[in-house]
Amino acid sequence: MPVVRLDHISYAAGPEGLGAAAQRIGNALGAGFHDGGLHPRFGTRNFVLPLSNGVYLEVVAVLDHPAADKAPFGQAVKARSESGGGWLAWVVAVDDIGKVESRLGRHAVNGHRRRPDGHELTWKQIGVLDLLDDPALPFFVQWTCDPADHPSAHLEVPIGIAAAEINGDRDLIARWLDEPLGRAEFSIDWTDDDEAGLVAVYFSTPHGTVRID
């Protein structure tokens, strides 16, 4: 049966800055992030931590670049960072993004990230515009590069996502995903927080469960 397959979760750095935010979260989890590089089309940069089950965690920040004000993803990161930083999005992996394009009635956007070693990763994504309107909605991604280059590769510390707290309309999100939420790969706790979106994530680590909000 189909499942809601998580690709990654995204955390927007606040006033402390990208490096400090990645170090703080990495210290809490007991693992180190590495520099993921630049998203030239989106005007952003990230640090990446591979997780179990083909998932990764990114900490992201905007660059001083016009693309950050033009691209929806750059806009979303900038808005979250300017509000103090915190969880930005949960992102669902799909094998055929064309089906999502047909369902939503629009085309996916090509994305690419240039790592510090010069290697480029490529993918297609769709749904960030909807995230701007409702931060509880995930967006969708299909990678178009070698699977060996996926940011979850080269896991060093066995850390996984056990659960997530989301403040949003469960039925609306299920319709958006076109899949029953009961078949998600991780547990979702629905909350009634002040702001819609991803509220907190519980990580299973070698030293126990860690909550990051």
Side-chain angles (χ1 to χ4, degrees), residues 1-12 36 39 42 44 46 48-60 71-81 83 85-111 113 123-144 150-152 160-193 195-203 212-213:
M1 298 292 288
V3 298
V4 177
R5 184 159 50 92
L6 193 64
D7 184 78
H8 68 278
I9 50 175
S10 183
Y11 187 100
H39 306 104
F42 304 147
T44 56
N46 72 359
V48 172
L49 177 65
L51 303 175
S52 301
N53 300 319
V55 179
Y56 70 97
L57 163 60
E58 75 166 351
V59 178
V60 64
F73 185 73
Q75 294 172 23
V77 174
K78 186 174 183 179
R80 191 70 179 100
S81 293
S83 69
W87 290 112
L88 173 68
W90 54 301
V91 185
V92 172
V94 294
D95 295 323
D96 184 0
I97 206 162
K99 294 180 179 179
V100 184
E101 291 176 315
S102 297
R103 183 160 55 83
L104 300 185
R106 59 181 185 270
H107 294 295
V109 172
N110 292 317
R113 172 161 60 83
W123 67 90
K124 292 179 178 290
Q125 67 185 47
I126 190 170
V128 178
L129 282 170
D130 305 86
L131 169 71
L132 289 169
D133 292 331
D134 184 349
L137 294 177
F139 64 93
F140 304 89
V141 63
Q142 179 183 1
W143 291 85
T144 54
H150 188 271
S152 66
I161 295 175
E165 293 180 7
I166 298 175
N167 180 29
D169 185 326
R170 177 174 181 164
D171 293 335
L172 174 63
I173 294 172
R175 291 194 300 271
W176 172 249
L177 290 168
D178 199 33
E179 294 288 353
L181 284 166
R183 291 204 294 268
E185 288 185 329
F186 59 100
S187 173
I188 299 176
D189 297 326
W190 300 96
T191 67
D192 186 14
D193 200 67
E195 296 183 9
L198 184 58
V199 176
V201 179
Y202 292 85
F203 295 88
I212 304 289
D213 54 15

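Note that this is a predicted model, so its numbers are computed, not measured.
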4.5 Å side-chain heavy-atom contact, Tyr202 and Glu165: yes
Between Tyr56 and His150, what is the ring plane arrangement, given parallel below 30°, perpendicular above 60°, and tilted in between? perpendicular
Working to the nearest 0.5 angstrom, can you tell me the gap between Leu129 CG and Leu137 CG? 12.0 Å
Backbone N/O of Ala108 and side chain of Glu101: donor-acceptor pair under 3.5 Å: yes
May I ask you to test the Ile173-Leu177 pair for a side-chain heavy-atom distance under 4.5 Å? yes
Could you state the interatomic distance from CD (Glu58) to CG (Leu49), rounded to the nearest 0.5 Å? 11.5 Å
Decide if atom CG of Asn53 counts as having more than 12 heavy atoms of other residues, nucleotides or ligands within a radius under 6.0 Å. no
Given side chains that start at C-beta, do those of Thr191 and Asn167 come closer than 4.5 Å, heavy atoms only? yes
Do the non-hydrogen side-chain atoms of Arg5 and Asp95 ever get within less than 4.5 Å of each other? yes
Considering only heavy atoms from C-beta outward, does the side chain of Trp176 approach that of Val92 to under 4.5 Å? no
Leu172 and Asp134, any side-chain heavy atoms less than 4.5 Å apart: yes
Could you measure the distance from the NZ atom of Lys78 to the OG1 atom of Thr44? Nearest 0.5 Å is fine. 13.0 Å
Evaluation steps, side-chain contact (heavy atoms from CB on, under 4.5 Å), between Gln75 and Leu132: CA-CA 8 Å; Gln75 294 172 23; Leu132 289 169; 3.8 Å; yes
Which heavy-atom pair separates Arg106 from Ile126 by the least distance, and what is that distance? O-CD1, 3.6 Å
List the atom of Ala76, the atom of Leu88, and the distance in Å for their closest heavy-atom pair. O-CD1, 3.6 Å
Euclidean distance, Ile212 CD1 relative to Leu57 CG, rounded to 0.5 Å: 8.5 Å
Taking the side chain as C-beta and beyond, is there a heavy-atom pair between Trp143 and Asp7 under 4.5 Å? yes
Sorted by chain and residue number, the side-chain contact (heavy atoms from CB on, under 4.5 Å) partners of Arg103 (sequence neighbours excluded) come out as Val100, Phe140, Asp178
Starting from the C-alpha separation in whole Å, work towards a yes-or-no answer on side-chain contact (heavy atoms from CB on, under 4.5 Å) for Trp90 and Ile166. CA-CA 10 Å; Trp90 54 301; Ile166 298 175; 3.7 Å; yes
Please report the closest heavy-atom contact between Asp189 and Ala163, naming both atoms and the distance. OD2-CB, 4.3 Å
When rounded to the nearest 0.5 Å, the distance separating CH2 of Trp123 from CZ of Arg113 is 6.0 Å
For the student: nearest non-hydrogen atoms of Gly168 and Ala136, plus distance: CA-CB, 3.8 Å
Closest non-hydrogen contact found for Val77 with Ala12 is O-CB, 4.2 Å
Quick one, Val60 and Phe73 - any side-chain contact, counting heavy atoms below 4.5 Å? yes
Enter the distance from Ser10:OG to Asn46:CG here, rounded to the nearest 0.5 Å. 8.0 Å
Nearest non-hydrogen partners of Phe203 and Ile161, listed with the distance: CE2-CG1, 4.0 Å
